[in-house]
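Accompanying notes for the structure given below.
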Amino acid sequence: MKVLIVGAGRLGTQIARVLAAAHNDVTLVERDGRRLAELDGMPQVRLVAGDASEPGLLAGAGARTVDVLIAVTGRDEDNLVISLLAKQRFGVARVAARVNDAENAWLFDHRWGVDVPVPAATPLVSLIEEATGATDTVALLRLSKAGVEVIETAITAESRAAGHTLGEITLPAGTVVATVVREGRPTVPGPEIRLRAGDELLLVSHEATEQEIHAAFQ
């Protein structure tokens, strides 16, 4: 599947990582050059700098050939313009757009080219499932060659893992932490990282269930 994601904030970056890990062809567009520089070297993801509300930028990013476009910038007006261009100018089959302000939710429909409006609070896995039209989230996130799954869990103030280092957490067999996302920035996990409320973790496992992984942290 060819996917074009607009917005390299925390959410857009996480979506890109998960879809790329599942061997999709992923392009990530971001207008903030500094943010893109932070993501330089992101594996299996093509990074494009520029304003996706410009038709020429979208064309150069491959909008004419993608199966799905996901607009997840922090501005509703940008997400709507990008969605409309994707649908009417480039004929993208499936367009998903994040709704940052609930009062604007009524705008996110077919009139603006949006097939799937996504409320800001939607969990990552559910968002990907809705955006791509997948009927089996586990199948979508399965790493086909390695035979493993990508699972997300979030640390809250009530989580038993809050305040503990990764090295102090007993993970289920066959499970590793792929990244810890803190304040929108993914970091390379090490046993010395002390988990905080608000951290989001992506884990890779070939044995554990989602429930077992959540139990280790929650």
Just grab all the salt bridge (Lys or Arg N to Asp or Glu O under 4.0 Å) pairs involving residues 80-93, residues at least two apart or on different chains.
->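 As it turns out, the salt bridge (Lys or Arg N to Asp or Glu O under 4.0 Å) pairs with a partner in residues 80-93, which skip direct neighbours, are K87-D115.
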What pairs of residues pass the salt bridge (Lys or Arg N to Asp or Glu O under 4.0 Å) test when at least one of them lies in residues 95-113, not counting sequence neighbours?
->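 Sorted result for residues 95-113: D109-R111.
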What distance separates [X] [atom1] from [Y] [atom2], expressed to the nearest 0.5 Å?
| X | Y | atom1 | atom2 | value |
| --- | --- | --- | --- | --- |
| D32 | D51 | CG | CG | 12.0 Å |
| R194 | T165 | CZ | OG1 | 5.5 Å |
| E168 | I193 | CD | CD1 | 13.0 Å |
| I169 | R160 | CD1 | CZ | 9.0 Å |

What side chain to side chain donor-acceptor pair (under 3.5 Å) pairs are there with at least one residue in residues 55-72, not counting sequence neighbours?
->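 Non-adjacent pairs meeting side chain to side chain donor-acceptor pair (under 3.5 Å): K2-T65.
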Dump the intermediate steps for side chain to side chain contact (heavy atoms under 4.5 Å, CB included) on L203 and F217, then the final yes or no.
-> CA-CA 12 Å; L203 301 98; F217 292 90; 3.7 Å; yes
Heavy atoms, side chains only, cut-off 4.5 Å: are [X] and [Y] in contact?
| X | Y | answer |
| --- | --- | --- |
| V177 | T179 | no |
| L80 | S83 | no |
| N100 | N104 | no |
| I5 | T27 | no |
| L84 | V95 | no |
| V99 | V118 | no |
| I213 | P172 | yes |
| V3 | V66 | no |

With sequence neighbours excluded, residues passing salt bridge (Lys or Arg N to Asp or Glu O under 4.0 Å) with [X]:
| X | answer |
| --- | --- |
| D25 | none |
| R75 | E77, D78 |
| E38 | R35, R185 |

For the student: nearest non-hydrogen atoms of [X] and [Y], plus distance:
| X | Y | answer |
| --- | --- | --- |
| A61 | V29 | CB-CG2, 3.9 Å |
| T170 | A216 | O-CB, 3.7 Å |
| L107 | W112 | O-CD1, 3.1 Å |
| A86 | L69 | CB-CD1, 3.8 Å |
| A8 | E30 | N-OE1, 2.7 Å |
| L85 | S53 | CD1-O, 3.2 Å |

Pair D199-V181, side chain to side chain contact (heavy atoms under 4.5 Å, CB included): steps then yes or no = CA-CA 6 Å; D199 287 349; V181 180; over 6 Å; no
Under a single-linkage definition using a 4.5 Å side-chain heavy-atom cutoff for Ile, Leu, Val, Met, Phe, Trp and Tyr, are [X] and [Y] assigned to the same hydrophobic cluster?
| X | Y | value |
| --- | --- | --- |
| F108 | I82 | no |
| V48 | L36 | no |
| L47 | L57 | no |
| L19 | L28 | yes |
| V114 | L11 | no |

Step by step, work out the side chain to side chain contact (heavy atoms under 4.5 Å, CB included) result for I70 and V116.
-> CA-CA 9 Å; I70 305 174; V116 183; over 6 Å; no
Sidechain-backbone polar pair: N79 side chain, A97 backbone, donor-acceptor under 3.5 Å |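 It does not hold such a pair.
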Looking only at atom types and distance, does a side-chain atom of T175 sit under 3.5 Å from a main-chain N or O of L171, one as donor and one as acceptor?
->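 A pair under 3.5 Å: no.
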Salt-bridge present (E200, R182; N to O < 4.0 Å) =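 No, no charged N to carboxylate O under 4.0 Å.
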Step by step, would you call T73 with R31 a side chain to side chain contact (heavy atoms under 4.5 Å, CB included)?
-> CA-CA 10 Å; T73 78; R31 69 168 71 184; over 6 Å; no
Compute whether any side-chain donor of one residue and acceptor of the other, for S159 and Q218, lie under 3.5 angstrom apart.
->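 Yes, a side-chain donor-acceptor pair sits under 3.5 Å.
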